[in-house]
Structure formats: C-alpha cells, structure tokens
Amino acid sequence: MFEKILIANRGEIALRVARTCRELGIRTVGVHSTADADADFVRFADESVCIGPPPPKASYLNMAAVLQAAAQTNADAIHPGYGFLSEDADFAEACRADGVGFIGPSPELMKQIADKAVARARMAEAGLPMLPGSVSELATEDDVRRAAGRTGYPLIIKATAGGGGRGMRVVHEAGELLDAYWQNRANARRLFGHDGVYLERFLTGPRHVEVQVLADHHGNTVHLGERDCSVQRRHQKLIEETPASGLSAGLRDRMTAAAVAGARHIGYQGAGTFEFLVDDRHEFYFMEINCRIQVEHPVTEAVTGIDLIREQILVAAGQPLSLRQQDIHNRGAAIEIRVQTEDPAHDFRPTAGRLDRFAVPGGPFTRVDTATRAGASVPPFYDSLLAKLIVWAPDRAQALARADRALSEFDIHGENLSSTVDFTRTVLADPDFRNGRHDTGLVGRLTENQGESDGHR
C-alpha cells in the first residue's frame with residue numbers, strides 16, 4: 001500500500017481524495033497555486049507545497065512542478081482527481097519514469113483512449129454499438145466529404161483529443177461542412193494542441209447515459225450501474241442521477257454489459273466511465289471513455305455504498321478489487337446537483353469574487369462536497385464548481401423532493417457572484433424532467449423559452 005499520496009488537484013475533489021486517504025492511513029500532500037494557499041483542501045492535507053502562480057498552466061498543469069513536489073515530499077503516488085492532468089498520458093509516463101505511482105490507467109492505455117477516433121475503433125472491435133461516422137481522423141477535405149456522404153445529416157465534427165464538452169461542431173447541411181471542418185480543426189489545435197477531428201451522426205434530443213466500471217490488474221472487471229447526465233449546458237453536466245429514469249431493465253443490462261466488454265477488450269484498469277447516447281427508440285451508442293474519477297461519482301457511491309476513490313487507490317497499489325459483480329447491489333435513487341458560480345441569465349457566464357455568506361444544507365441522506373467557506377474567495381482562474389449536492393432516497397420521487405428541499409437551504413451571497421441554485425430548482429420542477437422525458441436539450445429550452453435566472457444569492 002502507498003504510504004504518501006500527492007493530490008495533484010484542487011477544490012472539492014482534492015479534499016474528497018484526502019478524506020479517503022486519511023481513512024486508509026495514508027499521508028497526503030496537497031499542492032496549490034498562490035491563489036489557493038489558504039483553501040480548505042490545502043489545510044486538510046498532512047503537507048502542502050506551493051507549485052506556482054494562479055494560472056493553471058503555471059501551477060496545476062505544470063508537470064515539472066507537480067513531480068518536483070512529489071520528489072520533495074517523498075510521495076510514492078499521485079492521485080490526479082479529474083480535469084487538469086488526470087487524462088494526460090505524458091504525465092502518467094513521467095510519473096512512471098520518476099518511480100511514482102500514478103493512480104489511473106497506464107499511459108499506453110490512456111493514449112489509446114485519448115484519441116476518440118481510436119477509441120471508437122477499439123470499441124467497435126468489442127462489439128459496442130456505434131453511430132455511423134468516420135473510423136479515423138479526417139485528414140483532407142475529400143475525407144470529410146466522403147465520410148459525410150456515408151453518415152448523412154445532421155452530423156457532428158469532434159476533436160479526437162477533445163473532452164469536457166469542448167471541440168465539437170454540429171453541421172446541418174452540406175453547405176456548412178467544409179467551413180465547420182476547418183474551424184473545428186483550428187479550435188482543436190488551440191484547445192488541445194492537436195487538430196485531429198472525426199465525425200459521426202448527430203442525434204437530436206438524445207439522453208446521455210454513462211456506466212461506471214472498476215477493473216484491477218488481476219483480470220477482474222465490474223460495473224456499478226448507470227448514471228443519467230442529460231441535464232447539461234454547453235455540453236457541461238448540471239444534474240446527474242442514478243438509476244437513469246425511463247430505461248428498461250433490458251436496455252440497462254445491455255448497456256452495462258457493453259461497458260464491461262469494452263473495458264475487458266482494452267485491458268482497462270482502475271475507475272473508468274463508458275459514455276453512451278440513447279435515442280428516442282431506446283437504442284444506445286458508444287460515445288467515449290473517461291479514464292478517471294468523474295465529478296458525479298458520489299451518486300454511484302450513494303446507491304452502492306462503495307467508496308470509488310478507495311477502490312482506485314487499492315487497484316493502483318496492485319491489489320485486487322475488494323468486490324465481485326454479485327456483491328454490488330444498487331439500492332434506491334440518488335441525484336447530484338452541481339452548484340456553479342455562474343449566471344444562467346447570461347448564458348451561464350462564470351462569476352468570481354468573495355463569498356460573504358456560504359451555508360450548505362443538511363438533513364437525512366444529504367451530502368455536500370465542497371472545499372470553500374464563508375469569507376473565502378472564488379478565484380476567476382478555475383472551473384466554476386462551488387459545491388456538489390448529493391441526495392439519496394428510496395425512490396426517485398422522494399429524491400427529487402429531497403434535492404429541492406436541500407437546494408432551498410443554500411445561502412450563497414457575494415458581490416458580483418451568481419449561482420445556479422434557483423435555475424436548478426426550475427429544472428427539478430419541469431414536467432419533462434419530473435416524468436423522466438428529458439434529454440440533452442432541456443436546459444437550452446428552459447433558458448430560451450422561460451429566461452429563468454438565479455439572480456444574485
């Protein structure tokens with residue numbers, strides 16, 4: 001087992017990882033930028049190291065600074081959390097070269113998964129259902145014309161190195177195709193340092209459903225059920241829940257079996273998420289693999305009682321999974337709501353400033369993951385996630401009521417700060433959402449048709 005883990009992240013996920021480490025008796029190192037010097041996740045760690053100024057490229061994305069901090073503190077492993085360096089194969093390779101454990105898949109596997117076109121090809125080999133589209137990068141205009149002719153319209157052009165909802169462009173007709181192709185290549189180069197793109201059929205109004213898997217180095221692979229994350233703005237998730245409402249038992253079984261088959265086919269190790277789109281005929285299609293812990297992992301923990309971070313650490317240390325498929329029982333319903341410092345009235349524009357008041361809800365089966373407090377500042381340099389609200393109940397109706405009650409208890413106030421709390425309550429009250437008829441277009445329809453806003457809380 002590892003003796004000391006450096007947590008190469010910030011905010012609530014850094015604190016979340018540190019808590020499990022403490023329960024396992026593992027010492028932790030918190031790294032931070034100068035903007036986060038007094039943050040709760042830094043104070044909770046056993047040791048801390050400043051790795052640079054506020055901009056992420058100078059601190060949390062600075063591989064050399066992170067590895068130097070690991071060497072300086074004699075950390076024998078690094079947990080990358082999500083975002084930042086969590087899916088960077090070069091960083092995982094650098095950890096290996098320095099003799100530091102990387103809590104995630106091997107760099108070789110990460111390189112395969114990072115290329116979305118390659119991942120599609122590997123999953124097609126494993127028999128997972130695919131949307132029509134290209135099977136490799138589109139290098140020329142002739143390539144994109146031929147692929148579009150086979151696929152039909154509407155279609156979506158995606159960056160092969162994309163992630164986080166970025167690097168995508170929808171094309172509705174042939175006249176838009178080449179402009180969209182070149183623009184997306186330029187955006188991909190700017191965002192990801194690589195201009196590779198591919199295309200696939202675009203589904204109008206799909207559900208976005210993902211399956212959580214765990215796999216070890218001893219050939220054991222399990223799934224922990226599915227999560228629905230269709231409530232999104234700009235392809236970024238706002239609400240996640242499990243089980244996904246409205247899915248038949250047969251569809252759920254086929255989807256989870258596909259995720260396990262895909263993981264086994266590529267020799268996956270660690271915690272990972274297989275993401276699918278579900279159309280209005282209840283057919284599902286592979287979209288991508290996320291080879292890290294997800295922001296929404298707590299809803300799976302709520303219904304299974306399994307600490308996913310603990311399993312990640314044990315697997316990375318070479319131990320077998322502590323559970324088999326028959327040991328996993330999903331009970332009740334759980335919902336996670338991301339509380340963002342964004343202004344829904346202005347296209348979810350991020351806001352920053354001092355938190356004059358910050359109080360979070362409590363009550364039965366109510367969990368809040370956050371790493372901030374009243375009097376702290378919300379810096380403008382990072383993701384706008386302020387807190388995650390997770391509720392559990394015996395069924396979805398009770399979980400929805402509990403989530404709305406808990407949201408009503410948030411007290412978030414600061415000059416120039418907005419939050420998504422009130423807007424999320426609007427989503428919870430929407431008839432399509434309450435009846436499980438929602439899709440990825442719900443937030444767009446609500447903001448366009450109703451103009452609902454959080455205001456300033």
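Atom set for the values below is all heavy atoms of this structure, side chains included, hydrogens, waters and symmetry mates excluded.
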With Glu301, the salt bridge (Lys or Arg N to Asp or Glu O under 4.0 Å) member among Arg227, Lys388, Arg331, Arg16: Arg16
Side-chain H-bond candidate by donor/acceptor type, Thr28 with Glu47, under 3.5 Å: no
Greater than 12 external heavy atoms within 6.0 Å of Gln319's CD: yes
Test: Arg27 cationic atom under 6.0 Å from Phe2 six-membered ring centre, within 45° of axis: no
Gln340 and Ser384: side chain donor to acceptor below 3.5 Å: yes
Polar contact flag, side-chain donor to acceptor under 3.5 angstrom, Arg405-Thr366: yes
Modelled atom types, side-chain donor and acceptor of His297 and Gln212, under 3.5 Å: no
Whether Tyr60 and Tyr382 hold their rings parallel, tilted or perpendicular, with breakpoints at 30° and 60°: perpendicular
Heavy-atom closest pair, residues Arg122 and His265: O-CD2, 3.3 Å
Neighbour count above 12 (heavy atom, 6.0 Å) for Glu93 CD: yes
Flag for Asn290-Glu275: side-chain donor and acceptor within less than 3.5 Å: yes
Geometric class of the Phe358/Phe410 ring pair [parallel <30°, tilted 30-60°, perpendicular >60°]: tilted
Close side-chain approach of Ile335 and Val299, heavy atoms under 4.5 Å: no
Cation-pi geometry met for Arg396 and Phe433 (6.0 Å, 45°): yes
Mutual orientation of the aromatic rings belonging to Phe276 and Phe286 [parallel < 30°, tilted 30-60°, perpendicular > 60°]: perpendicular
Within 6.0 Å of CZ in Phe381, more than 12 heavy atoms from elsewhere: yes
Non-hydrogen atoms of Leu67 and Cys95 that approach each other most closely: CD2-SG, 3.9 Å
Nearest atoms (heavy-atom pairs only) where Arg354 meets Gly375: NH1-O, 3.1 Å
Modelled atom types, side-chain donor and acceptor of Asn416 and Thr351, under 3.5 Å: no
